[in-house]
Novice: 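Sharing a structure here in C-alpha cells format.
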Amino acid sequence: MLRIYDTQTGGKKEFVPVNEGRVGMYFCGMTVQSEPHVGHMRVAVVSDIFRRYLRYKGYDVTLVINFTDIDDKIIEKARERGVDYQEIAQENIDKFMEFLAFLGAERADHYPRATEHIDDIIAFVERLVEKGVAYESGGDVYFEVGKWPDYGKLSKRRLEDLVAGASERVELDDRKRNPEDFVLWKAAKEGEPSWNSPWGKGRPGWHIECSAMSTKYLGEHFDIHGGGTELIFPHHENEIAQTEAATGKPYVNYWVHHGLVNLVGEKMSKSTGHFKTMAEISKRFPSDVVRFYLLSTHYRSEIEFSDERLAEAETAIERFENLFRTLERLVGPEGEGEVAAGASAAVADARRRFLEAMDDDLNTAQAIGHLFDVVRVINQKIGSGAEKPVLRSDRAVLRELSGILGLLEGVGTALEQVPAEVLELVRARTEAREARDWALADEVRDRITALGYRVEDTSEGPVARKNK
RNA sequence: GGCGGCGUAGCCAAGUGGCUAAGGCAGAGGAUUGCAAAUCCUCGAUUCCCCGGUUCGAAUCCGGGCGCCGCCUCCA
C-alpha cells in the first residue's frame with residue numbers, strides 16, 4: 001500500500017486516486033528568468049520518481065510541469081539585453097529541458113507556459129470576479145482573501161498573523177482593498193508585453209496561471225500537486241483559495257513539497273546569486289551521480305550541496321556500475337541465456353524491503369540502502385561461483401529496482417569498446433607478467449593509465465576499462 | 001514577532017514506542033593479488049543536542065532549554 005505525505009493534513013495518507021487507475025500530477029517548474037540551478041533540478045527528479053513509481057504500481061500517470069514565462073525579472077532582463085522577453089524565456093526553457101534529459105528524467109506529458117494560456121487565465125479570473133471573491137481596481141484584479149474562509153489551511157497561517165506581519169514589510173498599495181489581497185491580473189505598464197482583457201491591457205499575476213493550467217490539463221480536482229517547500233506560502237495557499245473559490249470543490253488531494261537544496265548551509269536562490277548552475281555541475285559529474293545524490297536523501301528533507309557529497313555519490317555509484325559490467329562479462333548481456341525461475345532468497349528479500357520503502361512516501365534513501373544489499377549479495381554469489389542462471393535472475397532484480405529510481409540505465413548493457421592500442425598494451429603487460437618482469441608490467445600499466453584506461457586482473461584474465 | 005521543520009557514528013543518511021539503531025563515504029585489520037584494481041569478511045553510536053516527564057519500555061510521545069534551516073517578499 002502506497003502512502004504519501006500531504007502537507008495540508010500534515011501526515012502520510014494512503015494513496016487513493018480521484019479516478020481509478022489514473023493519476024494526475026502537477027509540479028511547479030520554474031520561472032524562466034535565469035538558467036536552472038541544482039535546486040530546480042530537484043523538482044525534476046522528484047516529479048520523475050513519483051511518476052516512475054506510480055507507473056510501476058500500475059497507474060496511468062499524467063505529469064504536468066509549468067513554466068512561468070512572463071514576470072518582472074524576465075521583462076527587465078529582456079530590456080537590458082535589448083531582446084524580446086520570449087527569447088529570454090525560451091533560452092532558459094531549452095536549458096531546463098537539456099538538464100532534465102541529463103538527469104534521466106523522462107519528459108512530462110505537458111509543459112504549459114503562462115503566455116500560451118492567457119485565454120484560460122482570463123476566463124479563470126472572470127469566474128472569480130463573478131463569484132464575488134475578486135475585484136477590479138485601476139486595471140488590476142485582486143483576489144479578496146477575506147472572502148475565502150479557508151485561507152491559510154495549507155500553510156497553517158491565520159489571516160490576522162499575516163496582516164500583522166505584513167504591516168511591517170509589505171508596501172501599502174492603495175489599489176488593494178486589503179493588504180493581504182493578491183493580484184490575479186496586472187495592468188500593463190508602458191512598454192511591457194501585454195494582452196487584452198476585460199480589464200484592459202495587462203498580464204497575469206503569478207499564482208493564477210497554475211490554477212488555470214493545472215485544472216485545464218488535469219481537471220478541477222486532481223491527485224498530486226508538488227513543488228519546493230518555499231512555495232507553500234504564498235503560492236500554493238493562493239492557488240487553493242483561487243481554485244476552490246472558482247470551482248466550489250476540493251482542488252488537490254496530496255500536496256507534495258520537497259526540501260530545498262542548500263549551498264554552504266543556505267538555500268540556493270536566484271535573487272541572492274547564491275547558487276550552482278546545472279551547466280557547471282553537468283560538466284563535472286556524470287548524470288547518474290547527480291541523480292543518485294539527489295535521491296540519497298528523502299525528498300522532503302533539505303539537502304546540502306557540495307563537491308564532497310557528489311564525490312561520495314560518484315564512488316557509491318561505481319559499485320553498481322562495476323557489478324553490472326562484471327555480470328555482463330560473466331553471464332552475457334541481459335535478455336540472453338537461461339534465467340533461473342526466481343531471484344535468490346536474499347535478493348528477493350531485499351527487493352521486498354526496497355518496495356516497502358518506496359511505498360512509505362517514496363523513501364528513496366532507505367530504498368537505496370536495500371539496493372546496496374542486493375549488490376553485496378550478488379557480489380558474494382559471484383565470489384562463491386554461483387550458477388549463471390541464478391546470477392541472471394538476480395541481475396534482473398537489480399535492473400528492475402535501479403530502473404524504478406531511474407539509475408544506471410544503459411550501464412552494463414553493452415561491453416565498452418576498448419581501442420586496439422590499449423588492448424595491445426594489455427597483451428604486452430600480460431607477457432611481461434608471464435615473464436615475471438614486474439617492473440615492465442607496471443610500466444606498461446602506467447601507459448594504459450595515461451591513455452585513460454585501467455586494467456583489472458580478474459579470475460578470467462585482465463580486463464581493460466575506461467576511467468572516469 | 002507568527003507559522004513550519006530539523007539536530008542520529010569522522011562525514012552523509014534511514015529509522016518516529018518494543019527484535020542486534022539500515023545503508024553509503026572515509027578509516028583500521030584480514031582474504032585474494034607479484035603489486036595494484038575490483039570484490040568479500042571483520043571492526044565503529046552501551047546510544048540518538050541537553051534537561052525533566054509519561055510509559056513495563058522512548059532516538060521515537062509530552063514539557064522546557066540550546067543550536068540550525070525555511071516561509072511570512074519574486075524564488076524548486
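All chains are named by letter (A, B, ...) in the order of the sequence lines, taking the proteins before the strands, and each is independently numbered beginning at 1.
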Novice: Are A:Lys267 and B:C71 close enough that a side-chain N or O sits under 4.0 Å from OP1 or OP2?
Specialist: yes
Novice: OP1 or OP2 of B:A38 versus the side-chain N and O atoms of A:Asn379: is any pair under 4.0 Å?
Specialist: no
Novice: Would you tabulate the nitrogen or oxygen pairs shorter than 3.5 Å linking the protein to nucleotides 10-12 of chain B?
Specialist:
residue	atom	partner	partner atom	Å
B:C11	O2'	A:Arg309	NH2	2.8

Novice: Out of B:C74, B:A38, B:A14, which nucleotide sits closest to the side chain of A:Lys73?
Specialist: B:C74
Novice: Taking the P atom of each, how far is B:U54 from B:A58, in whole Å?
Specialist: 12 Å
Novice: Quote, to the nearest angstrom, the P distance that separates B:A36 from B:A28.
Specialist: 14 Å
Novice: Tell me whether the side-chain N/O atoms of A:Arg319 come closer than 4.0 Å to OP1 or OP2 in B:C40.
Specialist: yes
Novice: Select one nucleotide: of B:C3, B:A76, B:A38, the one nearest the side-chain heavy atoms of A:Arg157.
Specialist: B:C3
Novice: Give the C-alpha distance, both sets of side-chain angles, the deciding distance and a yes or no for ring pair (Phe, Tyr, Trp, His ring centres under 6.0 Å) between A:His117 and A:Tyr217.
Specialist: CA-CA 11 Å; A:His117 294 79; A:Tyr217 291 98; 5.6 Å; yes
Novice: CH2/A:Trp195 to OG1/A:Thr115 distance, rounded to the nearest 0.5 angstrom?
Specialist: 5.5 Å
Novice: Between atom NE2 in A:His207 and atom P in B:U73, what is the gap in whole Å?
Specialist: 10 Å
Novice: Just call it for A:Met268: base, sugar-phosphate, or nothing, with non-hydrogen atoms closer than 4.0 Å on any strand.
Specialist: base
Novice: Pick the nucleotide of RNA chain B nearest each of A:Gln380 and A:Ile368; which residue has the one closer to the 5' end?
Specialist: A:Ile368
Novice: Measure from CD on A:Glu209 to P on B:C74 and round the result to the nearest Å.
Specialist: 14 Å
Novice: Mind checking the C1' distance from B:U42 to B:U32? Whole angstroms is fine.
Specialist: 15 Å
Novice: Output the single nucleotide from B:C25, B:G4, B:A76 whose closest atom is nearest the side chain of A:Lys156.
Specialist: B:G4
Novice: Hey, can you tell me if A:His207 and A:His235 have their rings parallel, tilted or perpendicular (30° and 60° cut-offs)?
Specialist: tilted
Novice: Quick one: does any side-chain atom of A:Arg433 pair with a main-chain N or O of A:Ala441 as donor and acceptor, under 3.5 Å?
Specialist: no
Novice: Can you tell which of A:Phe305, A:Phe275, A:Phe96, A:Phe99 makes a ring pair (Phe, Tyr, Trp, His ring centres under 6.0 Å) with A:His37?
Specialist: A:Phe275
Novice: Which of the following nucleotides, B:A76, B:G24, B:A36, is nearest to the side chain of A:Arg376?
Specialist: B:G24
Novice: Could you check A:Thr315 against A:Asp442 and say which one's nearest nucleotide on RNA chain B is further toward the 5' end?
Specialist: A:Thr315
Novice: Check whether any side-chain N or O of A:Ser301 sits under 4.0 Å from OP1 or OP2 of B:A14, and answer yes or no.
Specialist: yes
Novice: Does anything in residues 104-115 of chain A come within less than 4.0 Å of RNA chain B? Heavy atoms only, and list the residues if so.
Specialist: none
Novice: Sticking with atom P, work out how far B:G24 lies from B:C62, rounded to a whole angstrom.
Specialist: 32 Å
Novice: With a non-hydrogen cut-off below 4.0 angstrom, is A:Gly226 in contact with a base, only sugar-phosphate, or nothing?
Specialist: nothing
Novice: Return the stacking result for B:G34 and A:Trp438: yes when the ring centres lie under 5.5 Å apart and the planes under 30°, no otherwise.
Specialist: yes
Novice: Work out how far the C1' atom of B:G57 is from that of B:G65, and round it to whole angstrom.
Specialist: 26 Å
Novice: Can you sort out which residues in residues 359-367 of chain A have a heavy atom within less than 4.0 Å of RNA chain B? Ascending by number, please.
Specialist: A:Asn363, A:Ala365, A:Gln366
Novice: Separation of A:Tyr5 atom OH from B:C6 atom P, in whole Å?
Specialist: 8 Å
